[in-house]
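What follows is a single structure, written as structure tokens, with notes after it.
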Amino acid sequence: MEKKSYTVTAALPYANGPLHLGHIAGVYLPADIFVRFLRLQKHDVAFICGSDEHGAAITLRAKKEGVQPQEIVDKYHTLIKHSFEKFEISFDIFHRTSSELHHQYASEFFKTLHEKGAFEEQKSLQYFDATYQQFLADRYITGTCPKCQHPNAYGDQCEKCGADLSPTELINPTSTLSGNTPELKETTHWYLPMNKHEEWLRDWIQKGSIEGEIIHDPKTWKNQVVGQCMSWINGGLRARAMTRDLDWGIPVPLPNSEGKVLYVWLDAPIGYISATQQWAIDNGENWKDYWCKEEAKDRKLIHFIGKDNIVFHAIIFPILLKSHGDFILPENVPAYEFLNLEGDKFSTSRNWAVWLHEYLEHYPNKVDELKYVLTSIAPENKDSEFTWADFQTRINSELADIYGNFVNRVTVLIHKYYEGVIPSAHELTIYDQKVLSEIATIPGKISDLLYQYKIREAQQEMMNLARIGNKYLADEEPWKVIKSDPIRVETILKVALQITEKLALCSRVFLPKTADTLLNMLQINSEDWDVTESMLISGNSIGTPTILFEKITDEWVDHEKSKLITTPITNSKYPIMKELISFEDFTKMDLRIGHVIAAEKMENADKLLVLKVDTGIDERTIVSGIAKHYDAAAILGKKVVVLMNLAPRKIRGVESHGMLLMAENSEGELSALISDRDFDFGVTIA
RNA sequence: GGCGAGGUAGCUCAGUUGGUUAGAGCGCAGGAUUCAUAACCCUGAGGCCGAGAGUUCAAAUCUCUCUCUCGCUACCA
């Protein structure tokens with residue numbers, strides 16, 4: 001086999017939130033399977049990733065939470081890194097873009113491009129916050145949407161009507177930094193004139209050729225990748241700014257560029273390179289062997305990404321690499337579609353997600369189970385669907401019943417008949433030979449599929465080994481033959497154990513923990529993918545049978561499903577959202593405006609006021625625990641929101657009929673909810 | 001709005017350049033079996049291939065129209 005070398009990258013996760021199953025199924029797990037396979041094929045491979053820690057979203061979040069951006073990225077970098085480790089994603093390095101090395105190299109990269117004339121300087125008018133003395137990124141400006149009049153549209157987009165906006169279109173623009181109206185001021189940015197690159201990109205995407213030389217086969221690229229790239233190119237590429245006015249990121253390494261940083265999408269993919277450099281330093285390698293034309297001539301660069309990242313990896317980054325001049329271009333950009341969850345999109349803001357770190361915390365011994373399920377439903381060609389019921393079915397009736405049970409059958413029989421010692425095979429029947437030659441073809445099939453990035457089908461082939469094994473046992477019936485021909489049974493079980501061996505070897509790619517367990521049991525150790533000769537040694541004893549995969553109970557499924565609705569939104573400042581209620585539940589509440597016509601402090605109680613409230617239909621007594629925030633005089637005469645039909649309750653001897661609604665902040669301070677228009681008391685609220 | 005990718009069995013998905021009765025796994029039904037995690041093995045039932053029109057001897061596959069989902073839409077990252 002021809003020896004090849006690979007540099008494999010997985011999209012840098014953005015360090016402002018944890019990872020969920022969608023990220024794993026659509027990028028990291030497929031990449032990891034591919035890389036584990038390449039390593040067993042003895043290819044020279046570097047598997048590179050890291051966290052993406054710059055960009056406006058992080059600074060906005062930091063401001064909102066009242067912390068430094070560094071605190072946020074430190075927190076999520078650590079969380080994400082640990083999750084990957086526990087989930088056994090086998091990166092050679094998981095680096096970060098806030099590192100000094102990355103800052104240095106990204107600056108250098110930018111300078112080289114600048115010296116080669118890859119950028120164009122353009123002046124434009126941009127909003128400037130005079131109080132903070134800085135230009136404002138689009139996300140830092142809010143105002144009224146000119147299309148739908150939504151009062152809180154962002155400078156780039158109105159989240160209500162979905163319109164794409166530019167900051168200058170906003171009515172009454174406001175700086176989110178100071179709350180003041182920003183002023184328009186001239187600023188300079190460095191643009192990448194992508195239009196100049198259309199011609200070679202077209203050839204490269206469609207024919208896989210650069211300057212007439214074929215460097216990859218475009219048929220191996222996914223439809224959606226080629227389709228989307230060609231749509232961009234045919235639509236005409238335009239210059240795109242590669243710098244931003246922001247104080248978080250990599251400073252533009254040029255004179256007169258104070259307050260400007262590299263665009264995070266320029267910075268992030270360079271992170272693949274700087275991460276490789278760090279890894280090379282740590283391991284005595286030369287990073288150029290992994291990236292540069294001269295040194296890495298036959299190396300294949302593969303970017304695993306999600307579909308939202310296609311143009312950046314298949315158009316913009318290649319332009320940067322080619323403009324720089326030293327680099328190889330990606331050989332393929334396998335882009336995965338998205339994973340949905342129980343019929344709905346994964347959503348961080350709505351907290352509709354299964355978080356990897358939580359899963360790993362709750363089920364640290366169920367890593368391979370999750371890998372199996374996510375590989376089975378990997379969104380290779382279209383969006384796919386994760387449900388907990390499906391998770392249960394796949395583990396119980398595939399992993400446990402077919403795979404686990406097969407291994408169990410073989411080991412139990414060997415223990416029963418031979419006290420755990422591997423028997424010798426004698427004369428092979430035609431059927432034995434057929435089975436053995438059939439299983440010998442499986443590694444090759446898996447190999448072909450993996451080179452085409454068809455991981456779900458490849459995993460199916462692994463499962464076929466267990467199916468073949470189960471059928472072999474059913475056909476040969478050693479538990480019957482043992483009574484008439486015990487010698488024959490030795491052969492049968494040896495063959496069955498060879499199927500187990502093959503299964504274990506193939507599992508190294510998909511189910512590494514399970515593979516370790518099995519290979520350990522069989523006392524086999526191999527670093528090669530396709531092992532033609534069995535390495536089982538007759539006379540060795542195998543360990544005691546253990547259950548490989550426990551079944552998933554209905555309780556588990558119910559528990560996980562209920563968590564989806566009630567899990568907290570990841571924002572520590574405010575209490576978590578309560579369980580959803582139906583509209584019918586809501587209509588049960590009778591809310592009205594009431595008028596406080598009398599108020600007095602209850603004796604011998606610090607917190608209580610006894611109020612008399614006119615609700616329009618009656619005058620009632622309400623005891624309210626607000627004395628620390630409102631004295632009697634302050635609340636007297638106010639129009640307040642009253643929950644009318646709360647069951648009456650005696651408080652310190654006085655019966656209270658209803659409840660005053662109050663807002664409460666994290667310090668426990670209260671504010672009465674009052675009507676902002678002068679409606680008469682007695683009106684209902686709905 | 002424009003562009004890209006999808007819509008195939010109850011579920012999750014395959015279907016190469018148009019070519020017999022449209023496939024797999026799971027689920028379901030029936031049978032067989034007992035070494036095994038009530039597991040395994042065999043058989044079977046399930047599809048107007050999103051809707052409509054067209055090209056063709058022949059369409060899931062090519063063309064057009066419509067519809068639904070997801071993504072991108074150039075300063076979101």
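Only the P atoms considered, A9(B) is 15 Å distant from G46(B), to the nearest whole Å. Taking the P atoms as reference points, U61(B) lies 14 Å from U20(B), given to the whole Å. Taking atom C1' on both nucleotides, U12(B) is separated from A39(B) by 23 Å, rounded to a whole Å. With both ends at atom C1', the span from C70(B) to C26(B) equals 25 Å, rounded to whole Å. As rounded to the nearest Å, G15(B) and U8(B) have C1' atoms that lie 9 Å from one another. The gap from the C1' atom of A14(B) to that of G25(B) amounts to 10 Å, rounded to the nearest Å. Taking atom P in both C64(B) and U21(B), one finds a spacing of 28 Å when rounded to whole Å. Spacing of P atoms, G2(B) relative to C62(B), comes out at 22 Å, to the nearest Å.
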How does protein contact run along nucleotides 24-36 of chain B, one letter per nucleotide 5' to 3', with B for base contact, S for sugar-phosphate only, - for none, heavy atoms under 4.0 Å?
-SSS------SBB

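By the 4.5 Å heavy-atom criterion applied to side chains, Val333(A) and Phe317(A) are not counted as neighbours.
Between His20(A) and Trp352(A), the ring center distance fails the sub-6.0 Å criterion. Taking the six-membered ring for Trp and the full ring otherwise, Tyr472(A) and Tyr431(A) have centroids separated by under 6.0 Å. Aromatic pair His54(A)/His103(A): ring centres closer than 6.0 Å.
When each of G4(B), C75(B), C13(B) is scored by its nearest atom to the side-chain atoms of Arg240(A), the top-ranked nucleotide is C75(B). Counting only heavy atoms from C-beta on, Lys345(A) has its side chain closest to G71(B) among C42(B), G71(B), A14(B). The side chain of Gln224(A) sits closest to A5(B) out of A5(B), C75(B), U12(B). The side chain of Ala57(A) approaches A77(B) more closely than any other nucleotide in the set U12(B), A77(B), A74(B). When distances run from any side-chain atom of Leu548(A) to the nucleotides U37(B), A77(B), A14(B), the shortest one goes to U37(B).
Of the two residues near RNA chain B, Ala241(A) and Val225(A), the one whose nearest nucleotide lies more 5' is Val225(A). The residue among Ala378(A) and Ile58(A) whose nearest nucleotide of RNA chain B lies closer to the 5′ end is Ala378(A).
The residue Ile377(A) sits close only to the backbone: its heavy atoms come under 4.0 Å of sugar-phosphate atoms, none of a base. As judged by a 4.0 angstrom heavy-atom cut-off over every strand, Val264(A) is placed among residues touching the sugar-phosphate backbone only. Heavy atoms of Gly249(A) sit nowhere under 4.0 angstrom from any nucleic acid atom. Using a 4.0 Å heavy-atom criterion, one finds that Asn381(A) contacts the sugar-phosphate atoms exclusively. Within the nucleic acid shown, Tyr191(A) comes within 4.0 Å of at least one base atom, counting heavy atoms only. Among the protein residues, Phe406(A) comes within range of no part of the nucleic acid, since none of its heavy atoms lies under 4.0 Å from any strand.
Atom OH in Tyr336(A) sits about 24 Å away from atom P in G4(B), given to the nearest Å. One interatomic measurement links the two molecules: CD1 of Ile455(A) to C1' of A14(B), which rounds to 15 Å at whole-angstrom precision. Distance CD (Glu380(A)) to P (A5(B)): 18 Å, rounded to an integer number of Å. Here the C1' atom of nucleotide A77(B) and the CG atom of Leu246(A) are 12 Å apart, to the nearest Å. Counting to the nearest Å, the P atom of C13(B) and the CE atom of Met463(A) are 18 Å from each other. In this structure, Asp383(A) places its CG atom 11 Å from C1' of G7(B), rounding to the nearest Å. Atom NZ in Lys222(A) sits about 13 Å away from atom C1' in G6(B), given to the nearest Å. In this structure, CD of Gln228(A) is placed 8 Å from P of U73(B), rounded to the nearest angstrom.
In this structure a side-chain-to-backbone donor-acceptor pair under 3.5 Å is missing from Asp432(A) to Val495(A). Without hydrogens or angle criteria, Glu342(A) side chain to Trp388(A) main chain gives a donor-acceptor distance under 3.5 Å. Judged purely by atom type and a 3.5 angstrom limit, Tyr418(A) uses its side chain to pair as donor or acceptor with the backbone of Glu490(A).
Residue Lys307(A) places none of its side-chain N or O atoms closer than 4.0 Å to OP1 or OP2 of A5(B). Between Lys471(A) and C42(B), a side-chain N or O to OP1/OP2 separation shorter than 4.0 Å is present. In this structure, Lys454(A) does not reach the C13(B) phosphate: none of its side-chain N or O atoms is under 4.0 Å from OP1 or OP2. Residue Lys382(A) places none of its side-chain N or O atoms closer than 4.0 Å to OP1 or OP2 of U12(B).
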Is there a side-chain contact (heavy atoms from CB on, under 4.5 Å) between Arg96(A) and Ser51(A)? Walk through the geometry before answering.
CA-CA 5 Å; Arg96(A) 54 193 307 187; Ser51(A) 48; 3.6 Å; yes

Listed pairs, N/O of protein and of nucleotides 43-47 of chain B, under 3.5 Å:
none

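Checked against Arg244(A) for a side-chain contact (heavy atoms from CB on, under 4.5 Å), the options Leu266(A), Val261(A), Val252(A), Leu262(A) give a single hit: Val261(A).
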What side-chain donor-acceptor pairs closer than 3.5 Å can you find for residues 397-405 of chain A, not counting sequence neighbours?
unit_1    : atom_1 : unit_2    : atom_2 : d
Ser397(A) : OG     : Thr393(A) : O      : 2.7
Glu398(A) : OE1    : Tyr372(A) : OH     : 2.5
Asp401(A) : OD1    : Lys551(A) : NZ     : 2.6
Tyr403(A) : OH     : Ser507(A) : OG     : 2.5

Both atom distances under 3.5 Å, Watson-Crick or G-U wobble: I'd like the secondary structure of RNA chain B as a dot-bracket string, with | for pairs made across strands.
(((((((..((((.....[...)))).((((.........)))).....(((((..]....))))))))))))....

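Annotated as syn: G46(B), whose glycosidic dihedral is within 90° of 0.
The aromatic rings of Phe110(A) and Trp190(A) stand perpendicular to each other, their planes meeting at an angle above 60°, with 30° marking the opposite boundary.
A cation-pi arrangement, defined by a distance under 6.0 Å to the six-membered ring centre and an angle within 45 degrees of its axis, is absent between Lys222(A) and Tyr453(A).
Residues forming a side-chain contact (heavy atoms from CB on, under 4.5 Å) with Val226(A) (at least two apart in sequence, or on another chain): Ile205(A), Trp221(A), Met230(A). By the side chain to side chain donor-acceptor pair (under 3.5 Å) test, His303(A) is found to be paired with Thr9(A), residues two or more places apart in sequence or in another chain being considered.
One distance of note links CG of Leu113(A) with CE of Met242(A); it measures 10.0 Å at 0.5 Å rounding.
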